Every structure is written in C-alpha cells, then in structure tokens.
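First up is the structure itself, then whatever we jot down about it.
Just so we're clear, the structure is a prediction, and the values are computed from it rather than from any experiment.
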2 protein chains.
Amino acid sequence: MKIENLLVVGVGLIGGSLALALKRAGVVGRVVGCGRRVAGLEQAMRLGVIDAYDTDLPAAAARADVIFLGVPVGAMARLLESMAPVLAEGVVVTDGGSTKRGPLSAARAALGAAFSRFVPGHPIAGSERSGVSAARADLYDSHKVLLTPETGTARDAIERVEWMWRQAGAVVESMDAGEHDRVLGITSHLPHVLAYALVDFIARSPDATRCFDLAAGGFIDFTRIASSDPVMWRDISIDNADTLASSLDRFIDALVVIRQMIEQGRGDDIEQLYRSAREARERLIDKRGGV
Amino acid sequence: MKIENLLVVGVGLIGGSLALALKRAGVVGRVVGCGRRVAGLEQAMRLGVIDAYDTDLPAAAARADVIFLGVPVGAMARLLESMAPVLAEGVVVTDGGSTKRGPLSAARAALGAAFSRFVPGHPIAGSERSGVSAARADLYDSHKVLLTPETGTARDAIERVEWMWRQAGAVVESMDAGEHDRVLGITSHLPHVLAYALVDFIARSPDATRCFDLAAGGFIDFTRIASSDPVMWRDISIDNADTLASSLDRFIDALVVIRQMIEQGRGDDIEQLYRSAREARERLIDKRGGV
C-alpha cells in the first residue's frame, strides 16, 4: 500500500504535517513539494518535510501516485485544470480543504473521467498558525478526517485515502459533502467570521487602544482563530457563502433576542440561556475527555 | 500596612485567590470567609484559603479591617446594606466585580458617610472555572487590577487597596468607572455574550449533535468563556446593559456588512477585513509578549 511518489501541492501546515506524519509511519517513498514560492519549498526541504520540489505542477503531477492539495479552496480549480491532462492511470487526488462542495465541483469540471479518482477530504485539525514551519508529524494524531466521496468515486481511491490518513494517525469518517459544509459552516466557519468581525469591530472603535490594553485571557482565546490565514478563510467564506449567510442571519436573530433580554433586564431568561450554553459546552468537553 | 483581619465575602475563584496571594506575601493576619454555603466555606478552610468563617455577615464585618466582596455584582447592594451599620472606623471596603458603575451606586446608596471607604476594583484575571477549588495564589501575578475611585473616595483607602493588590502580585491602574464599563463592555462582556449565544445557537440547531461531534480546537477555545458562571455573567449583563445593548447593536451592524460581502462574493473586501483583524490581534499579542 506504500505511496511511492507523494506530491504535496501547497506545503504549509496541512500538507507539510501530512508529509511528516506519513514519513513517521514509514509508508511513503518520495515526497515532492509543489508551490509558487521557491523560498517556502527550500524551507520545507531544510525541515525534512519534502525530499524534492518542482515548480512545474504538470511535470510533478505526471509522476505522482497520490496528489494532495493543501491549498486554499479557491486555488484548487486552477491547479486541478493544469494537472488534469497528465494524470497517470490509477492516481489518487485528494485535498485538505475546509469546504467540500467547492473542491468537488472544481474537480468534476476539471478532471473529466479522472473525477472518479478524486477523494475530497478535510482533516479536523489545524492551528491559527500557518506555513511549513508550523507543520508537525503529530498534527493529525487521533483527529478526525472527513471524506466526502460521491457515488462515482472509485472504491479503491477512497480506500487508499482512508489508509493514508490512518497511517497519519487520524480517524477517518465519511459523510455527504453538503452535510459537511452545513455542519462545518456552523461549528467552524461561523466562529471564524465572528472572531474576525469582533477584532475588526474593536480595532475600529474609538476606544481601540484602551480596549486592547485591557484585553484579558478570555479575549485572547476567543479571538485566537482571528489569527488564521486571511486568504484561506476568504476562500472558505466565499465557497460556503450560502451556509454562512444563512447562519449569520439566524445568529443575528439570536443576538437580537439576547439584546432584548439584556435591555429589558430579564435576568431569569439571561441566566437560563447562559446556563444551558454552559451545560451544552460542558457535555461537549466531557465527551471529548477534557479540553 | 499588614491587614490584621481580612474578610472575604464570597470565597470563590476571585476572593479565594486574593486570600491565597496575600497569605503567600505574608501580609495578612487572619482571613475570615463569609458566604451562604457552609460546605463551600468548609472546603475553603480545608484548602487553607481562609482561617475561619462566619455566616453572620454583620458580625464578621464589624471585626474586619479590609472587606473584599468577591460576589456577583447583583448581590453587592444587599451585602453592603447589611454591613453598613456595623463598619469600623477606618475600614476599607473593596470588590472584584467586573462592572464598576453598579457596585459604586450600590455602595453610595448603602454606605452613607462610609461611602468614602469604598474603593471599587476589578482584577483583570480569572478563568472560566469558578469556586474556591479553582483559587490560586498566583492568579493575579502580573495581571492588571483596575480601580475606579470617585472624587470623594478617601486617599488612604485607595492607597491601602493599591498596596493590597501589589502584594497580591498585580499591577494597579486607576480609571473612571464609566470608561471601565464602556471598555470592558466591548473587550470582555460582549465576547462573553457572543460565546454564550453561539453555543446556545448551535445547541438549538437541528444539526446540534453532529455539530458538537465535529467541533475542532478552534471552537473549543472560542467558546471557553461560555463555560463561565451564568449568575455572575447574568449580573454583569444587566449591570452593564446600556453598553452591552449598544455594542451589540453596532456589532450586529458590522455582521450585516460582512454578511453582504460574503453573499456578494466580494473576496477582496473579505480578505482585507480578515487581514486587518489578524494584524490587530498580532499587534496585541506582540505587545503582551506572547499568548
């Protein structure tokens, strides 16, 4: 099952950590990195994340058994188009994008018959840090990876990607791409938008300097995800715009209700809402076996 | 300057940590705890946080040099009223409430002439954990404590409270109570409301179970403050309702703008907002010397 020739397109936190995890497991022959910035690829070489690099994507893609796209979801269409003509028979193409409907339609449009070799994936792991210097062999240990294959996706391609992620330490689950985007839109994309929005809101306030001076640990944690890569999150926001817009609408409605409770001094309602939120979060933490 | 007889009313995370920090510094004679739950006071005794307890507040208050109120801000008026008739001359009363206008008006109404002995304070430290079992001697080390005295507050009372907090490891700043509530309303109270609101929003969604199953580390951090004490935050929300309601209004407006950007696929605007938010947060982190 060993991967003789793994091509990682976009050697950052996600792609770099996958390469390191597969090397750790001893299940990969040669890891080739592909990207736009030679300096980043040189750094990935120095860090032992990749064994070689190539800035010519079609040339590198033609030689690969497994191709992993670790790039912002908005960049995938172009990359898939440029590699489509050269893909070897039996190749498996997969990705680590945080939305799944976008990469799927990009692959469907770009790959033609080879679309059956595309297995969309999303590792539920990461960090607000980005770039290959943040890559770690253990990033995926015991973390979930969600695969969202279509009915036409080749069985052996799915199995190869499942195997790959298990070797990287992850727990693999399959789900529908639409459900993925709906659920992640609420638990991940919406919080990111709120965190960015809050920091921006404070930065624009007349009290900005004073606010940041007096920010406590709660604020630092609450806004950690606002240090995430802006391009990656721009692409996610656009790719999952329908879910995000409707979640924002409903969340705004919920805020309006809470605002009313606060303005009207309805202590019992406020306490009940806070209490049930705390209980829901505590159940979640218990289920995960701690923070 | 040693405090011979410190009375801590409400021996939880905040009051308990103050007692431990002053004991660590060796500047307190006897620490008496006062509270409604004997079990909690017994626990505080076992943990060495207090030396004695008394459930009769006026009796305990009559013997104290310094009285610290570590209770939700909504409980302060009643406590101040009950201790007002017995306060010794030269006593200093202070608090750790997260809002300052409310405790100030409660003290003004309850204490009469002794209002000049009330020094409102707010340590910018804490945890989503509550109760005396979470108390730590080092909770305040290098953390800010904001004091918001009025023009009538006695100079020696302010100095005593400043000294006390420095002994506890904190850095003391003074500011206007109105400014305090406005600034903290944005950097602390608003994020708490958003965190509670988001968890409640998800818990009520039809996909709740699936959402919590797939929640990642970002969500856990983002919602950490939603595990805070509901009664404490109910009181803060009501006490700072005017600031919170207007902040919520403006924040909702900001969300509506972002929602439009997302729905209209305005990638450049989205990226710019996310980028400037990230930069503002990074500046904040740099200034603090790291997370």
Quick one: do A/Ser237 and B/Tyr274 satisfy side-chain hydrogen bond (donor to acceptor under 3.5 Å, both in side chains)? Show the steps, please. CA-CA 11 Å; A/Ser237 303; B/Tyr274 291 179; 2.7 Å; yes
Between A/Arg278 and B/Ser227, does a side-chain hydrogen bond (donor to acceptor under 3.5 Å, both in side chains) hold up when you go through it step by step? CA-CA 5 Å; A/Arg278 177 165 80 161; B/Ser227 285; over 6 Å; no
B/Leu194 vs A/Leu255, test: side-chain contact (heavy atoms from CB on, under 4.5 Å). Steps then yes/no. CA-CA 8 Å; B/Leu194 295 177; A/Leu255 288 181; 3.8 Å; yes
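Judged purely by atom type and a 3.5 angstrom limit, A/Arg250 has no side-chain atom pairing as donor or acceptor with the backbone of B/Phe201. Remark: side-chain polar atoms of A/Lys144 are paired, donor with acceptor, to backbone N or O of B/Asp213 under 3.5 angstrom.
Contacts with chain B were tallied for A/Ser276, A/Ala215, A/Gly74; A/Ala215 has the most, counting heavy-atom pairs under 4.5 Å. The greatest number of non-hydrogen atom pairs below 4.5 Å with chain A, out of B/Ala197, B/Ala280, B/Ala203, is found for B/Ala197. Note on A/Thr223, A/Leu248, A/Asp268, A/Ile258: by heavy-atom pairs under 4.5 Å with chain B, the leading option is A/Thr223. Put simply, of B/Asp207, B/Leu184, B/Val193, the one with the most heavy-atom pairs under 4.5 Å next to chain A is B/Asp207. Each of B/Ile124, B/Asp249, B/Asp229 has some count of heavy-atom pairs under 4.5 Å with chain A, and the biggest count is that of B/Asp249. Each of A/Glu179, A/His192, A/Arg204 has some count of heavy-atom pairs under 4.5 Å with chain B, and the biggest count is that of A/Glu179. Considering only heavy-atom pairs separated by less than 4.5 Å from chain B, the leading option among A/Val231, A/Asp253, A/Leu273 is A/Leu273. With respect to chain A, the highest number of heavy-atom pairs below 4.5 Å among B/Gln264, B/His180, B/Met175 belongs to B/Met175.
In this structure, B/Glu282 does not pair ionically with A/Arg224, as no charged nitrogen and carboxylate oxygen lie closer than 4.0 Å.
Interatomic distance, CH2 of A/Trp233 versus CD of B/Glu271, reported as 14.5 Å (0.5 Å rounding). To the nearest 0.5 Å, the span separating CZ on A/Arg275 from OH on B/Tyr196 amounts to 9.0 Å. The CD1 atom of B/Ile270 sits 9.5 Å away from the CG atom of A/Asp235 when rounded to the nearest 0.5 Å. Taking CG from B/Asp242 and CD from A/Glu263, the interatomic distance works out to 9.5 Å, rounded to the nearest 0.5 Å. The CZ atom of B/Arg259 sits 10.0 Å away from atom CG of A/Leu244, with the distance rounded to the nearest 0.5 Å. Note: B/Asp239 CG to A/Ile262 CD1 = 12.0 Å, rounded to the nearest 0.5 Å.
When side chains are defined from C-beta on, B/Asp221 does not count as touching A/Ile225, because their heavy atoms never get closer than 4.5 Å. The side-chain heavy atoms of B/Arg210 and A/Arg182, taken from C-beta on, include no pair separated by under 4.5 Å. Between B/Leu284 and A/Ile220 the shortest side-chain heavy-atom distance falls below 4.5 Å.
Neither the backbone nor the side chain of A/Met261 comes within contact range of chain B; no heavy atom of the residue lies under 4.5 Å from a heavy atom of that chain. Interface remark: A/Gln272 contributes no atoms to any contact with chain B (heavy atom separation under 4.5 Å). Neither the backbone nor the side chain of A/Val257 comes within contact range of chain B, judged by heavy atoms closer than 4.5 Å. For chain B, the nearby parts of A/Leu214 are the backbone and the side chain; heavy atoms of each come within less than 4.5 Å. In this structure, the portions of A/Ile186 lying under 4.5 Å from any heavy atom of chain B include both its backbone and its side chain. Heavy atoms closer than 4.5 Å to chain B are found in both the backbone and the side chain of A/Ala195. Proximity to chain B (any heavy atom under 4.5 Å) is shown, for A/Glu279, by neither the backbone nor the side chain. Looking at B/Gln260, neither its backbone nor its side chain comes within 4.5 Å of chain A, counting heavy atoms on both sides.
The minimum heavy-atom distance linking A/Arg281 with B/Val199 is given by the pair N-CG1, 4.1 Å. Closest heavy-atom contact between B/Leu198 and A/Pro191: CD2-CG, 3.8 Å. When all heavy atoms are compared, the tightest approach of B/Gly265 to A/Ile238 is O-CD1, 4.0 Å. For the pair B/Thr187 and A/Cys211, the tightest heavy-atom approach, listed with the atom from each and the gap, is CG2-O, 3.1 Å.
Applying the 6.0 Å contact sphere to CZ of B/Arg36 captures no more than 12 heavy atoms from other residues, nucleotides or ligands.
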